[in-house]
Amino acid sequence: MFGTSEELFDFIASGLAKFAQTEGGDFYLPQERTREIGFTFSFPVKQTSVDSGILIKWTKGFAVSGTAGKDVVACLNEAMERQGLNMRVSALVNDTVATLAGARYWDDDVMVSVILGTGTNACYVESIGAIPKLQSNDSKSGRTIVNTEWGAFSNGLPLTEFDREMDAESINPGEQIFEKTISGMYLGEIVRRVLIKMAQGGELFGNSISEKLMTPFALRTPDICAMQQDTSKDLGHVGSILYDVLGVSSNTAERQIVVEVCDTIAERGGRLAGAGIVGILEKMEEDSKGLIFGKRTVVAMDGGLYEHYPQYRSYLQEAVDELLGSEISKNIVIEHTKDGSGIGAALLAATNSKYPHDF
């Protein structure tokens, strides 16, 4: 996350080389062919063609030097050459777009895709007539996919002192504010900052404020998720996590407070994410003049946060139902599409193959 561009892409290419070696002997690639791959790239790019794109900036805590302003496809193709791989990128795809493509392959009602993992983003199907900035119209369907990069939305969000402090100390202050309030990289850190304030006020952990508790990002979102799954009477697992991860001893009453803090931050994150989905759906309803809410519309979800955090998932669904009302929300299906971005990228790479299909 903090190396050079060449180091990062060499790392990706070496992982790809190891993976390619595991392929069984049943598959045969004609000698004159180059293997074509889909490249899911979950960062903001200026996409210049289906197989090229210039990195605008890193997000999600990445600070790799020498990549911004470069074509990330060229970076990966060069790294694959250095590894001796006979491969080329056939399609560069944002993870949300890939998830939408993968889900829509099976279900024509998929209109929105959302990633909720380390970072977050969303995309949706839009009528070209609703995009004044789009000059050329070479879409036979009259529709295209809009990648919102909603993690960068920063205006008008209700922030706490903990959000502001975390943002000020981040590598990108003032940027990616929506992402910093709802995504997996940051939820655990927000909880840690709340716990510090409570400990300093004498409300938690006696007088012991450990070095681990004061360490930024020591508490991760999987930790707060695990604490919320503890249903034991004395919340023993919560106590173990607090001791092992943050170096603090706790009694049952303190553990209950910690779980409540975790739940509060997860609830806010899930509800804000749900509100984002409703915002997209309402825009689509307005642009289509009423063609969205009256029929089945699927929102494809992917990402570890959504997949593994049941309370977060529930709060997101509750917010969508609450904001849309029961009559409309019964038509909105929020569906987990596991590994959707990888599958979607492969499908898009296949459709952009330079070789004729022989099936």
Side-chain angles (χ1 to χ4, degrees), residues 1-3 8 42-45 55-69 115-122 148-205 208-225 227 241-242 245-248 257-258 260-276 279 303-305 309 312 315:
M1 290 173 70
F2 301 98
L8 172 65
S42 318
F43 301 92
V45 299
L55 176 66
I56 297 170
K57 64 178 180 180
W58 290 111
T59 56
K60 291 178 283 215
F62 275 70
V64 174
S65 62
T67 321
I115 301 292
L116 284 164
T118 305
T120 183
N121 193 13
T148 66
E149 287 297 337
W150 80 1
F153 292 0
S154 301
N155 295 332
L157 290 168
L159 301 179
T160 66
E161 60 185 280
F162 311 107
D163 299 309
R164 292 191 180 93
E165 287 168 4
M166 181 181 72
D167 174 52
E169 294 171 24
S170 70
I171 62 170
N172 54 347
E175 298 178 2
Q176 303 295 121
I177 303 298
F178 193 44
E179 183 166 84
K180 287 171 181 170
T181 56
I182 73 171
S183 78
M185 180 167 180
Y186 301 100
L187 298 183
E189 174 63 5
I190 297 167
V191 169
R192 184 190 70 86
R193 288 172 180 271
V194 175
L195 297 183
I196 287 173
K197 178 156 188 184
M198 297 181 82
Q200 288 171 337
E203 298 165 56
L204 282 178
F205 315 135
S208 64
I209 298 179
S210 68
E211 188 179 334
K212 284 184 178 178
L213 179 59
M214 298 303 292
T215 304
F217 292 93
L219 188 67
R220 301 171 309 122
T221 299
D223 299 322
I224 69 170
C225 174
M227 287 193 280
I241 291 172
L242 290 173
V245 176
L246 296 180
V248 292
I257 292 170
V258 171
E260 195 173 330
V261 172
C262 295
D263 188 63
T264 301
I265 300 306
E267 180 178 9
R268 183 187 70 159
R271 287 179 65 80
L272 282 171
L305 175 63
Y309 205 149
Y312 186 100
Y315 287 132

Apply side-chain contact (heavy atoms from CB on, under 4.5 Å) to [X] and list each qualifying residue two or more places apart in sequence or on a separate chain.
X: Glu161; answer: Glu165, Lys197
X: Arg220; answer: Pro222, Asp223
X: Met214; answer: Ile196, Gln200, Ile209
X: Ala266; answer: Gln228, Tyr309

Measure across [X] and [Y] and return the closest heavy-atom pair with its distance rounded to 0.1 Å.
X: Leu159; Y: Arg164; result: O-NH1, 3.2 Å
X: Ser154; Y: Gly174; result: OG-O, 4.0 Å
X: Asn172; Y: Gln176; result: ND2-CG, 3.6 Å
X: Arg268; Y: Ile190; result: NH2-CD1, 3.5 Å
X: Ser210; Y: Val248; result: OG-CG1, 3.8 Å
X: Pro44; Y: Lys57; result: CD-O, 3.4 Å

Check: [X] side chain, [Y] main-chain N or O, donor-acceptor pair, under 3.5 Å:
X: Glu189; Y: Phe217; answer: yes
X: Ser183; Y: Thr118; answer: yes
X: Tyr312; Y: Ile182; answer: yes
X: Thr120; Y: Leu116; answer: no
X: Lys212; Y: Leu219; answer: no

Exercise answer: donor-acceptor pairs, residues 60-67 side-chain atoms, under 3.5 Å, sequence neighbours excluded:
from, atom 1, to, atom 2, distance (Å)
Lys60, NZ, Ser42, O, 2.7
Thr67, OG1, Ser5, OG, 3.1

Nearest-0.5 Å distance that lies between atom [atom1] in [X] and atom [atom2] in [Y]:
X: Ile257; Y: Leu195; atom1: CD1; atom2: CG; result: 10.0 Å
X: Thr221; Y: Leu187; atom1: OG1; atom2: CG; result: 4.5 Å
X: Asn121; Y: Glu179; atom1: CG; atom2: CD; result: 8.5 Å
X: Leu272; Y: Leu157; atom1: CG; atom2: CG; result: 6.5 Å

So [Y] and [X], do their side chains get closer than 4.5 Å, heavy atoms only?
X: Val194; Y: Val191; result: no
X: Asp263; Y: Tyr315; result: yes
X: Phe205; Y: Leu242; result: yes

task = Starting from the C-alpha separation in whole Å, work towards a yes-or-no answer on side-chain contact (heavy atoms from CB on, under 4.5 Å) for Arg192 and Ile224.
result = CA-CA 10 Å; Arg192 184 190 70 86; Ile224 69 170; over 6 Å; no
task = Evaluate whether atom CD of Glu203 has more than 12 neighbouring non-hydrogen atoms of other residues, nucleotides or ligands under 6.0 angstrom away.
result =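 Correct, the count exceeds 12.
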task = Not counting sequence neighbours, list each pair that qualifies as a ring pair (Phe, Tyr, Trp, His ring centres under 6.0 Å) and has a residue in residues 166-186.
result =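 For residues 166-186, and leaving out neighbouring residues, the ring pair (Phe, Tyr, Trp, His ring centres under 6.0 Å) pairs sorted by first residue read Trp150-Phe178.
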ask   = Val261 and Val258: side-chain contact (heavy atoms from CB on, under 4.5 Å), yes or no, with the steps?
value = CA-CA 5 Å; Val261 172; Val258 171; 5.7 Å; no
